[in-house]
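These numbers were taken from a predicted model, which means no experiment stands behind them. Each chain gets a letter, A, B and so on, in the order the sequences are listed, and its residues count up from 1.
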Number of protein chains: 2
Amino acid sequence: MSRRDEVIDAAQRILQDEGLEALTMRRLGEALSMRAPSLYKHVSGKDEIEAALQQRALQSLGVALGAAGVDLASLAAAYRGWALAHPRLYELAARRPLHRDQLAPGVEADAAAPLVAAVGADPDAARALWAAAHGLVDLELAGRFPPGADVDAAWATVVRAFSGLTGS
Amino acid sequence: MSRRDEVIDAAQRILQDEGLEALTMRRLGEALSMRAPSLYKHVSGKDEIEAALQQRALQSLGVALGAAGVDLASLAAAYRGWALAHPRLYELAARRPLHRDQLAPGVEADAAAPLVAAVGADPDAARALWAAAHGLVDLELAGRFPPGADVDAAWATVVRAFSGLTGS
DNA sequence: ACCTGAACACCGTTCAAGT
DNA sequence: ACCTGAACACCGTTCAAGT
């Protein structure tokens, strides 16, 4: 494993265990037993680290969605399940600017492909569905729903609304 | 106008004109012709400033939604219109942790009330609709849709999906 | 009552220097 | 090839001191 990959791996560990605000160059250097300036010999800067983790997140999410099949309900469950299982990665990939220039081409499209397939290849419907799923996850992760809110029911409503679109 | 209100006003101007990352205590002090530490005589810290702006954002959004009526399509247009007209305020109020403890009680609920009314007081449907609208705005503001994407059509799809819910 | 300068504990990043 | 210390230009915040 290259030294660069060790840096990215350590960054992912810090992100998942301690959160996004803990992911600093000094903290990362500490985890690798070096000073922060030394990291710049293996990585161009913090942006490259974030881009690499965004890429991993998109790929992992895409795999999870692909495994869920084409059924709208199970796809929705897979989206939410992945996000709740990897909240820091989701946050980094969905709530932060995407470092598109440093992403392998197609990663974004591959992650979204299962959603597109589920709505019958209609790109507008796919974007609407993606937005609804993203909005639900985003609000849930941000703690925006009131304590007693039935988030499952909100998801079910979205699934029902979009089923009505393609079903009839 | 109290000195505190002058601070909040200046903060809003900086936020809207220069963006969230320009809203620093030193920059804010400069705009008010004082040093950053002096701000702490009028405001407890940056959190209070952010909370005050979040409150203004929620109130302004609530007014815009209330004026749109109960029609789902015009409500959706009002939500998107407000967000695109005040992208920095929307970002502060929707993409950042809400400083709930420093918010006047009811502000959140008041902003959401028109959405709740539009879906027939069903809280699950209201959350689903809110999430879909938030997701669409969030992705659009973050530049996550591809350049040629028909965002209008995606909004129309959401409106159609939710109309089907209550209509039949 | 209001404002200041100096300081503290942080950031990301650059760079000359060492091995 | 790899790592270091010192430095630069930033953060939010505290505090003793001035008027």
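In this structure, the side chain of R88(B) does not engage the main chain of Q12(B) through any donor-acceptor pair within 3.5 Å. Here the side chain of S38(A) pairs no donor or acceptor atom with the backbone of M34(A) at under 3.5 angstrom.
Pairing for dC11(D) is absent, judged as Watson-Crick or G-U wobble with the two contacts each under 3.5 Å. dC2(D) and dG18(C) make up a base pair, with Watson-Crick or G-U wobble contacts both under 3.5 Å.
Taking CG from L23(A) and CG from L92(A), the interatomic distance works out to 8.0 Å, rounded to the nearest 0.5 Å.
In this structure, S38(A) reaches the bases: a heavy-atom distance under 4.0 Å links it to at least one base atom across the strands shown. The residue R26(A) sits close to a base: some heavy atom pair falls under 4.0 Å. Among the atoms of the strands shown, only primed sugar atoms or phosphate atoms (P, OP1, OP2) are found under 4.0 Å from some heavy atom of K46(B).
Between the P atom of dC11(D) and the CE atom of M25(A) lies a distance of 20 Å, rounded to the nearest Å. Rounding to whole angstrom units, CD of residue E21(A) and P of dG12(C) are separated by 12 Å. As rounded to whole Å, 17 Å separates atom P of dA7(D) from atom CZ of R35(A). In this structure, the CD atom of E30(A) is 15 Å from the C1' atom of dC11(C), given to the nearest Å. Here the C1' atom of nucleotide dA1(C) and the CD atom of E6(B) are 15 Å apart, to the nearest Å. At whole-Å resolution of the value, NE2 in H42(A) and P in dT4(D) are 10 Å apart. As rounded to whole Å, 13 Å separates atom C1' of dT13(D) from atom NZ of K41(B). Distance CG (L39(B)) to P (dG5(C)): 14 Å, rounded to an integer number of Å.
Using atom P as the reference point in both dC2(D) and dG12(C), the two lie 23 Å apart (nearest Å).
Here R3(A) reaches the OP1 or OP2 of dC3(D): one of its side-chain N or O atoms lies under 4.0 Å away.
Note: W155(A) and Y79(A) have tilted aromatic rings, judged against thresholds of 30 and 60 degrees for the angle between ring planes.
Distances from the side chain of T24(B) to the nucleotides dC3(D), dC11(D), dT13(C) place dC11(D) closest.
Of the two residues contacting DNA chain C, namely P37(B) and L23(A), the nearest-nucleotide position lying further toward the 5' end is that of P37(B).
A donor-acceptor contact under 3.5 angstrom links the side chains of E50(B) and H99(B), judged on distance only.
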